[in-house]
Protein chains: 2
Amino acid sequence: MKTAITVAIVEDKEPIRQSLAILVDGAEGFSCQATFENAESALDYLPSHCVDVVLMDIDLPGMNGIDCVRQLKALCPQTQFMMCTMYDEDETVFDALKAGANSYILKRSPPHKLLEAITELHEGGAPMSSTIARKIAGSFYISPAAPNELDILTPREREILDRLSKGHSHKEVANELFVSPTTVRKHIFNIYQKLQVHSKIEAVNKYLGRQ
Amino acid sequence: MKTAITVAIVEDKEPIRQSLAILVDGAEGFSCQATFENAESALDYLPSHCVDVVLMDIDLPGMNGIDCVRQLKALCPQTQFMMCTMYDEDETVFDALKAGANSYILKRSPPHKLLEAITELHEGGAPMSSTIARKIAGSFYISPAAPNELDILTPREREILDRLSKGHSHKEVANELFVSPTTVRKHIFNIYQKLQVHSKIEAVNKYLGRQ
DNA sequence: TCAACAATACCGCATTTGTATGATTTTAAC
DNA sequence: GTTAAAATCATACAAATGCGGTATTGTTGA
């Protein structure tokens, strides 16, 4: 028989913490090693007792679950973190992923799904509740309908803007493209007109899709 | 009984196309409406005969599956697209998501997983093969080790850099912070020294973690 | 064929920026 | 209570940049 997947639970609400612990410990192949009612105690204990999977609530008293993951991630690199929460706002989801969460499951998921997800996570997957997964996949989508401001730039202008975005000066770009610096300046001027900006930084921000 | 999920398949290799069609059509609750051996014929037929789910291979003769999804997405907004391919390179995956793919399944997945995935996709999820999901989730992760370069900046310097990153000039920043422009320039110069750069763009790139 | 556009190039001017040196005042740490 | 670091300001110069013209050439679509 395979070694059980070791699990820790961070959840402030007593009844939920208890039922999660019972669920995990009661299932074959899983072992709940520890439970915590706040982020601080988890940060205290887990680094010296790393587990395979941590189920992390987000809304905790004191430090929130996302910041807790960010810190634990550095201390327990081999541990997988599953956010287990009721929040499904965009910002929360993406902040959790940025902090290092590998999985994001909504609390309303049925128990057997949770166990499945822990297994999948431990086997190298990144199980997400379906609405979360859709949110994440959708965040990459670039709508062709959205008339990209950059479309009005000519290929040459885009090329120059790209090099500017890498921090190259007018003169450097001119050398790279084998044209005169004045030509580059003219192109840049035209770019400013088209993008309605007045400096390299503003142009680069638009180019790289910020602000 | 619920209406069957209507499916179309775009796959150039005859045997794979056939077995996918048989798999889908043979399962209860699924109905394979059409199969195509290239992107062009799919683009020809599907817009006027939209289906619930399209299984799309990537490596096709002529137009590839990603570009095909990009175009179909605009014409069949309610259709869900599942990339079904052997590629798992980063660039391919993210390009597919940018094009509008809602799901990305590797061909090596077992048949029952594929049917499950189609169902999940149709119900609003975004099923991904586990290695793919991990890749996607990981793409958000911001390593806490990276920003240590910025740690050497003082709060004031960070404040100024932040405003520079928004495209403000020296003078503007000076007005915003109620200090002399020369002070701002001094700070900026110190920032350059610390970050080992020589222009605003380079500094802002480091600040925003894009280089 | 002609107009529009893209890419190339030049000149010139005012402003911004990068670099250097030096100094004063707050603030924080020991 | 001294010291170190941070924040402030000044002056100065060279280089880079932003803005305004004008002009030539090649391509392209109406």
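Order of the sequence lines sets the chain letters (A, B, ...), proteins ahead of strands, with each chain counted from 1. These numbers come from the heavy atoms of this one structure, side chains and all, not from hydrogens, waters or symmetry mates.
Distance, B:Leu177 CG to D:dC9 C1': 15 Å, rounded to whole Å. The distance between atom CD1 of A:Ile188 and atom P of C:dT16, rounded to the nearest whole Å, is 18 Å. Between the P atom of D:dA7 and the CD atom of B:Glu157 lies a distance of 6 Å, rounded to the nearest Å. The separation between A:His198 atom NE2 and C:dA14 atom P is 20 Å, rounded to whole Å. Atom pair B:Phe189:CZ and D:dA12:P shows a separation of 18 Å (rounding to whole Å applied). One interatomic measurement links the two molecules: CZ of B:Arg156 to C1' of C:dT26, which rounds to 12 Å at whole-angstrom precision.
Put simply, the side chain of A:Arg17 never gets that close to the backbone of A:Thr35: no donor and acceptor are under 3.5 Å apart. A donor-acceptor pair under 3.5 Å is formed between the side chain of B:Ser129 and the backbone N or O of B:Leu106.
For the pair B:His170 and C:dT17, the criterion of a side-chain N or O lying under 4.0 Å from OP1 or OP2 is met. Taking 4.0 angstrom as the limit, B:Lys171 places none of its side-chain polar atoms (N or O) nearer than this to OP1 or OP2 of C:dT15. A close approach under 4.0 Å does not occur between any side-chain nitrogen or oxygen of B:Ser169 and OP1 or OP2 of C:dT15. Applying the 4.0 Å criterion to OP1 and OP2 of C:dC10, one finds that A:Thr183 has every side-chain N and O outside that range.
Side-chain atoms of B:Val179 lie closest to D:dT8 of the nucleotides C:dA9, D:dG20, D:dT8.
A:Thr182 comes within contact range of at least one nucleobase, with a heavy-atom separation under 4.0 Å. Residue-level contact check: B:Lys186 touches the bases, meaning some heavy atom is under 4.0 Å from a base atom. Within the nucleic acid shown, B:His187 comes within 4.0 Å of at least one base atom, counting heavy atoms only.
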Next item on the list: Go through B:Met63 and B:Asn38 one step at a time and tell me if the side chain to side chain contact (heavy atoms under 4.5 Å, CB included) criterion holds.
Entry: CA-CA 8 Å; B:Met63 181 186 296; B:Asn38 57 54; over 6 Å; no
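Under the 6.0 Å cut-off for aromatic ring centres, A:Phe140 and B:Phe140 qualify, their centroids lying closer than that.
Under 4.0 Å is where a charged nitrogen must lie from a carboxylate oxygen, and between A:Glu202 and A:Lys200 no such pair does.
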